*Asks:* 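First, the structure itself, so that you have it in front of you.
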Amino acid sequence: DAGWQVATGKRTRSVKIKKKEQAHKRVKRSSDEGDDMMLNIIRNKPSMILKAPTIKKKQKQRTLSPEGISVRDLQNLIFWVYNTGINPNWIFLKDKALISKFLIVAVGGLTKQVYDEHKSLMPKLSQIFGSDSKVTVAPGSEFKVYSPLQTLLYIPDKKKKKESKPLPTATHPTSYYVHSLHQLMTNGYPVQIKSIKESVDDETKEPEATVEYEPKAGFIVFGESDSPVPPEQEMIGIDCEMCMTKEGSELTRVTAVDMNHEVIYDQLVKPKNPIVDYVTRYSGITKEMLDPVTTTLEEVQDHMKSFVNKNTILVGHSLDNDLIALKVCHFKVIDTSIWYPHAAGPPAKNSLRALVQTHLHRVIQSGSHDSAQDAIAAMELAQLKIKYGPTFGISNSSGTSIFQKLQQRNTNAIMLDRASLVNNHCPEGGITCESDEAVVSNLNEIISASEGSPDFVYAQLHRLNSFYRSQQNGEEDTATIEEVVKEIDNSLHQMYEALPQDSFMIVTSGQANLSSQ
């Protein structure tokens, strides 16, 4: 899950480092006699020299780039700049206290190989960094590579006995946990963009866009309720079972539960097409169960209208699969697979069984799946999240995040990334950005802010990885690799230009495509 150049089983990546210069500064001070005087002061400015690091014996044995630095070395540099760590042996920083901003940009897929191959298409990046680059060794061994994101963003905690502390009660309303339509679309829900209207803000004169979404063709949308909704049905937990037919996956059972964990609907469904696999080992559905069933998918949709309306919040685990099977498009969803993200980040997801064992302290799915049991479990997990806040259930097994450590030292540290990664790694100081354009825009805004401008920023650009992913899945991308690389070059240049003088910027390949390696 990392963007490494592979050579004889050893994985490496390229890191670019550059600073901005500071001109002479004119300051004013008072003399002892009280007379004002103007002094021209030529101030020191931060400078940098890359050095060959001390090579450890183990590193020399396991990599073709023994002179490379580790991801942990990058982390040590961050802490050194902010006076919380030791001086790294691979770089010399003069007057580091004068560094005004520290920006790390991870560009998924931008390996050294890709950069060298398309360097002519990235003139701005080449001009910014020149030859100031270092090869870093991926965390792990010859046989296993670990997540560089985890390694960079976390400090391993020393093993000690855990102390149980009471959980604080959250104050966020339930609506806070309903996913945005863009987030639903990017997580596979049957939602698509209908139109994008561009305009100019009357006050700021800045360009803005309004995105309108719509359901995909063939999916129904629930309307208004004809009768008052019971309080316990403001959220409905849904879980479905499917089988394989000649036309693919089709619905065989749907179960709905209310907020009191009571089953309010449980119905077997007759698939439209001939069944080729009941998937009994997972679904619990058998031929004997379905033979007498005559209820169709369309009838189930009509039944659901009696307890689901457009304002109902549907709850489930990877609910996109269930709604696709139901041929339903719903705009108010709480998905526990998103709100309880996997420590490794997308596309990895925690299983419902693992989350239940961790947070509800019981075992489910010990045999075949029980849709009622799964729907209740998802509802309980959602209620725990709402009760204890967005950080509840976020895995911190890897240690203390660098954001927490820097914030404890009064350093304003934030993260710009996709919602699932922000929720996982920096829920209290992160800014959700669902596109590279949003990352660049938000960086410009926060850096130029008169108050609360961050000292340290970690940002990630995903466009290149998305291109590789579409190729791997056999999907068509609207752009060529050359166009995507040019987009990356422009984005990085805009981010560089947004930084004030005396800023420190690192561009790393981050996590990237390994499908062809």
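Bear in mind that the values here come from a model prediction, so they are computed numbers and not experimental data. No hydrogens, no waters, no symmetry mates; every other heavy atom, side chains included, goes into these values.
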*Asks:* Is the closest side-chain heavy-atom distance between Leu103 and Leu499 below 4.5 Å?
*Replies:*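 The answer is yes, as the side chains (C-beta and beyond) meet within the 4.5 Å cut-off.
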*Asks:* Tell me the closest heavy-atom pair linking Pro190 and Val328, and the distance in Å.
*Replies:*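 Taking every non-hydrogen atom into account, CG-O, 3.6 Å.
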*Asks:* May I ask you to check whether His425 and Tyr154 place their ring centres under 6.0 Å from each other?
*Replies:*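 Yes, ring centres under 6.0 Å apart.
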*Asks:* Where do Leu98 and Asp502 come nearest, in terms of heavy atoms and distance?
*Replies:*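 Here Leu98 and Asp502 meet closest at O-CB, 3.5 Å.
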*Asks:* If only atom types and distance count, is the side chain of Gln404 paired as donor or acceptor with the main-chain N or O of Ser401 below 3.5 Å?
*Replies:*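 Yes.
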*Asks:* If we only count heavy atoms from C-beta on, is the Leu121 to Asp489 side-chain gap below 4.5 Å?
*Replies:*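 Of all side-chain heavy-atom pairs linking Asp489 with Leu121, none is under 4.5 Å.
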*Asks:* Angle class for the Tyr82/Phe102 ring planes (parallel below 30°, perpendicular above 60°, tilted otherwise)?
*Replies:*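 Plane angle between 30° and 60°, so tilted.
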*Asks:* Is the backbone of Thr480 close enough, under 3.5 Å, to the side chain of Glu483 for a donor and an acceptor to pair up by distance?
*Replies:*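 Confirmed, Glu483 side chain pairs with Thr480 backbone.
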*Asks:* Should the heavy atoms of other residues, nucleotides or ligands under 6.0 Å from NZ of Lys486 be counted, would the total exceed 12?
*Replies:*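 Counting neighbours around NZ of Lys486, 12 or fewer heavy atoms of other residues, nucleotides or ligands fall under 6.0 Å, so no.
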*Asks:* Tell me if a side-chain donor or acceptor on Gln75 pairs with a main-chain N or O of Thr151 at a distance below 3.5 Å.
*Replies:*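 Looks like yes, one N/O pair under 3.5 Å.
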*Asks:* Does CD belonging to Glu198 count more than 12 external heavy atoms closer than 6.0 Å?
*Replies:*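 Result for CD/Glu198: open.
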*Asks:* Can you establish whether the number of heavy atoms outside Glu214 located under 6.0 Å from its atom CD is more than 12?
*Replies:*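 Yes, the 6.0 Å shell around CD holds more than 12 heavy atoms from other groups.
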*Asks:* Would you say Tyr496 and Ser503 are linked by a side-chain donor-acceptor pair, where the criterion is simply a distance under 3.5 Å?
*Replies:*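 Side chains of Ser503 and Tyr496: no pair found under 3.5 Å.
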*Asks:* Evaluate the ring planes of Tyr176 and Trp339, with Trp represented by its six-membered ring, and classify them as parallel (under 30°), tilted (30 to 60°) or perpendicular (over 60°).
*Replies:*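 Because their plane-to-plane angle lies in the 30° to 60° range, the rings of Tyr176 and Trp339 count as tilted.
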*Asks:* Find out whether Tyr468 and Ile481 are in side-chain contact, i.e. whether some heavy atom of one side chain is under 4.5 Å from a heavy atom of the other.
*Replies:*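 Yes, side chains in contact.
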*Asks:* Can a side-chain donor-acceptor contact be found between His317 and Ser337 if the only test is distance below 3.5 angstrom?
*Replies:*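 Per modelled atom types, Ser337 and His317 side chains form no pair under 3.5 Å.
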*Asks:* Grab the two heavy atoms, one from Asn444 and one from Ala498, that are nearest each other, plus how far apart they are.
*Replies:*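 Between these two residues, the closest heavy atoms are OD1-CB, 3.3 Å.
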*Asks:* Let me confirm one number: the CD1-CG distance from Ile506 to Leu77, rounded to the nearest 0.5 Å.
*Replies:*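 Ile506 atom CD1 to Leu77 atom CG measures 5.0 Å (nearest 0.5 Å).
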*Asks:* Determine yes or no for a side-chain-to-main-chain donor-acceptor pair under 3.5 angstrom, with Asn442 supplying the side chain and Leu416 the backbone.
*Replies:*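 No, Asn442 side chain to Leu416 backbone: no donor-acceptor pair under 3.5 Å.
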*Asks:* Evaluate Asn187 against Asp320 for side-chain contact (heavy atoms from CB on, under 4.5 Å), listing each step before the verdict.
*Replies:* CA-CA 8 Å; Asn187 278 277; Asp320 53 305; 5.9 Å; no
*Asks:* Over 60° means perpendicular and under 30° means parallel, so classify the ring planes of His172 and Tyr177, tilted if in between.
*Replies:*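 If you compare the ring of Tyr177 with that of His172, the planes turn out perpendicular.
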*Asks:* Any cation-pi pair here, Lys194 with Tyr213, using under 6.0 Å and within 45°?
*Replies:*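 No, Lys194 does not sit over the ring of Tyr213.
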*Asks:* Distance from Ser441 atom OG to Met495 atom CE, nearest 0.5 Å?
*Replies:*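 Here the interatomic distance stands at 11.0 Å.
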*Asks:* Keeping the roles fixed (side chain from Thr411, backbone from Gln407), state whether a donor-acceptor pair exists under 3.5 Å.
*Replies:*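 No, because the side chain of Thr411 does not come within donor-acceptor range (under 3.5 Å) of the backbone of Gln407.
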*Asks:* Under 3.5 Å, side chain of Asp455 to main-chain N/O of Lys101, donor-acceptor pair present?
*Replies:*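 Checking the backbone N and O of Lys101 against the side chain of Asp455, no donor-acceptor pair under 3.5 Å is found.
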*Asks:* Rounded to the nearest 0.5 Å, what separation is found between the CE atom of Met185 and the NZ atom of Lys216?
*Replies:*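 Result: 9.0 Å between the selected atoms.
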*Asks:* Within a strict 4.5 Å, meaning less than it, do heavy atoms of the Ile104 and Ile78 side chains meet?
*Replies:*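 SC-SC contact between Ile104 and Ile78 confirmed.
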*Asks:* Check step by step if side-chain contact (heavy atoms from CB on, under 4.5 Å) holds for Val105 and Gln460.
*Replies:* CA-CA 5 Å; Val105 187; Gln460 189 164 195; over 6 Å; no
*Asks:* Distance-only, no hydrogens or angles: does the Lys96 side chain make a donor-acceptor pair with backbone N or O of Trp80 under 3.5 Å?
*Replies:*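 Yes: the side chain of Lys96 pairs with the backbone of Trp80.
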*Asks:* Would Phe219 and Leu323 satisfy side-chain contact (heavy atoms from CB on, under 4.5 Å), going step by step from the backbone distance to the final call?
*Replies:* CA-CA 9 Å; Phe219 288 78; Leu323 294 183; over 6 Å; no
*Asks:* Between Val333 and Leu184, does a side-chain contact (heavy atoms from CB on, under 4.5 Å) hold up when you go through it step by step?
*Replies:* CA-CA 8 Å; Val333 168; Leu184 293 180; 4.0 Å; yes
*Asks:* Any donor and acceptor pair, going by atom type alone, linking the side chain of Asp436 with main-chain N or O of Leu461 inside 3.5 Å?
*Replies:*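 No, the answer is negative, given that no donor and acceptor are paired below the 3.5 Å cut-off.
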*Asks:* Side chains of Asn412 and Ile414: does their closest heavy-atom pair fall under 4.5 Å?
*Replies:*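 Yes, close enough: below the 4.5 Å cut-off.
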*Asks:* Looking only at non-hydrogen atoms, find the nearest pair between Cys426 and Ala413 and report the distance.
*Replies:*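 Reported closest heavy-atom pair: SG-O, 4.5 Å.
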*Asks:* What is the minimum heavy-atom distance between Ser453 and Ile446, and which atoms define it?
*Replies:*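 So the two residues come closest at OG-O, 3.1 Å.
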*Asks:* Leu314 pairs by side chain to side chain contact (heavy atoms under 4.5 Å, CB included) with which of Ile238, Asp322, Val178?
*Replies:*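 Among the candidates, only Ile238 passes.
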*Asks:* Please find the pair of heavy atoms, one from Cys433 and one from Val439, that lie closest to each other, and give the distance.
*Replies:*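 For Cys433 versus Val439, the nearest heavy atoms are CB-CG2, 3.6 Å.
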*Asks:* Would you indicate whether the side-chain heavy atoms of Leu153 and Met415 approach each other to under 4.5 Å?
*Replies:*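 A side-chain contact under 4.5 Å exists here.
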*Asks:* So do Thr391 and Asn423 actually touch side chain to side chain, heavy atoms under 4.5 Å?
*Replies:*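 Side chain of Asn423 against side chain of Thr391, heavy atoms only: no contact under 4.5 Å found.
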*Asks:* Roughly how far, to the nearest 0.5 Å, is CG of Asn490 from CG of Leu125?
*Replies:*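 That separation rounds to 11.0 Å.
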*Asks:* Find out whether the Lys NZ or Arg CZ of Lys405 is both under 6.0 angstrom from the six-membered ring centre of Phe79 and within 45° of the ring's axis.
*Replies:*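 The answer is yes, since Lys405 meets both limits relative to Phe79.
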*Asks:* Using a 4.5 Å cut-off on heavy atoms from C-beta on, say whether the side chain of Leu93 contacts that of Phe504.
*Replies:*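 Of all side-chain heavy-atom pairs linking Leu93 with Phe504, at least one is under 4.5 Å.
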*Asks:* Donor-acceptor pair, Lys385 side chain versus Pro390 backbone, under 3.5 Å?
*Replies:*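 Between the backbone of Pro390 and the side chain of Lys385 there is a qualifying donor-acceptor contact (under 3.5 Å).
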*Asks:* Do the rings of Tyr340 and His359 sit parallel, tilted or perpendicular, given the 30° and 60° boundaries?
*Replies:*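 Correct class here is tilted.
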*Asks:* Which value, rounded to the nearest 0.5 Å, describes the distance between Thr186 atom OG1 and His462 atom NE2?
*Replies:*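 That separation rounds to 10.5 Å.
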*Asks:* Would you compute the distance between atom CG of Leu181 and atom NE2 of His179 and round it to the nearest 0.5 angstrom?
*Replies:*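 Answer rounded to 0.5 Å: 11.5 Å.
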*Asks:* Answer yes or no: is there a donor N or O on one side and an acceptor on the other, between the side chain of Asp335 and the main chain of Ser318, under 3.5 Å?
*Replies:*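 Yes, Asp335 side chain to Ser318 backbone: donor-acceptor pair under 3.5 Å.
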